[in-house]
Amino acid sequence: MTGTGDRILGLGLLVLAVAYGWASQQWPEPFGGAEGVGPETFPTILSVVLVAGSLYLMIKPDPDAQWPVGKSALELVISLVVLVVYTLLLEPLGFVISTTLAVGTLSWRMGGTPLKAFMTGLVSAVVVFVLFNYGLDLSLPGGLLEVN
């Protein structure tokens, strides 16, 4: 296949990165004026990293890359399903619960024991939630854990 798959993937990721970066810039300016760090900051950083990675795949593809088959392909499909379900559950369940489930499931599928995988997910979710909500003052959805 001599790099064609990497180039196709790189092109798809480039389109996704540009669309994601553009969408992240569409947030309305908050009341009281613009801030140095706002809701578009993190998505913009992610889109820049994704653009760089996709360009690298297109310019310097792996010459002997093979498409995954069998168990590897199934694990990739499971990972994709977990990420889609994560986006659907983020608002109703909240960041901490949905991130714990997503990171825990992905860690478990990568070979961790279920207890360690879901503890990793919980610790990661709580650390990121505290960092974003209290350190950066960027609110993440509380969902079921929301205190009214």
Point to revise | Within 6.0 angstrom of Met119 CE, more than 12 heavy atoms from elsewhere | key: no

Check your understanding: Looking at CG of Leu88 and CG of Leu83, how far apart are the two atoms once the value is rounded to the nearest 0.5 Å?
Key -> 11.0 Å

Check your understanding: CE of Met110 to OG1 of Thr105: how many Å apart, nearest 0.5 Å?
Key -> 11.0 Å

Check your understanding: Is Leu90 reachable from Tyr20 through a run of hydrophobic residues whose side-chain heavy atoms are each under 4.5 Å from the next?
Key -> yes

**Study point:** Partners passing side-chain contact (heavy atoms from CB on, under 4.5 Å) against Leu50 (at least two apart in sequence or in another chain)
**Key:** Leu13, Leu16, Ala17

Point to revise | With sequence neighbours excluded, residues passing side chain to side chain donor-acceptor pair (under 3.5 Å) with Thr99 | key: Tyr86

Check your understanding: Between Trp108 and Thr113, is any pair of side-chain heavy atoms under 4.5 Å apart?
Key -> no

Check your understanding: Between Gly10 and Ser54, what is the shortest heavy-atom contact and its length?
Key -> O-CB, 3.1 Å

Review point. Between CG of Leu11 and CG of Leu14, what distance do you get to the nearest 0.5 Å?
Key: 6.5 Å

Review point. Is the backbone N or O of Gly104 less than 3.5 Å from a side-chain atom of Ser107, with the two atoms forming a donor-acceptor pair by type?
Key: no

**Study point:** Minimal non-hydrogen separation, Val128 against Phe95, with atom names
**Key:** CG1-CZ, 3.6 Å

Check your understanding: Can Leu122 be reached from Leu131 by stepping across I, L, V, M, F, W or Y side chains whose heavy atoms are under 4.5 Å apart?
Key -> yes

Review point. Is there a side-chain contact between Ile97 and Leu89 (heavy atoms, below 4.5 Å)?
Key: no

**Study point:** Heavy-atom side-chain contact between Leu101 and Leu93 under 4.5 Å
**Key:** yes

Check your understanding: Which heavy-atom pair separates Met58 from Arg7 by the least distance, and what is that distance?
Key -> O-NE, 3.2 Å

Taking distance alone, no hydrogens or angles, what donor-acceptor pairs closer than 3.5 Å link side-chain atoms of residues 74-81 to residues at least two apart or in another chain?
| residue | atom | partner | partner atom | Å |
| --- | --- | --- | --- | --- |
| Glu75 | OE1 | Arg109 | NE | 3.2 |
| Glu75 | OE2 | Arg109 | NH2 | 2.5 |
| Ser79 | OG | Glu75 | O | 3.0 |

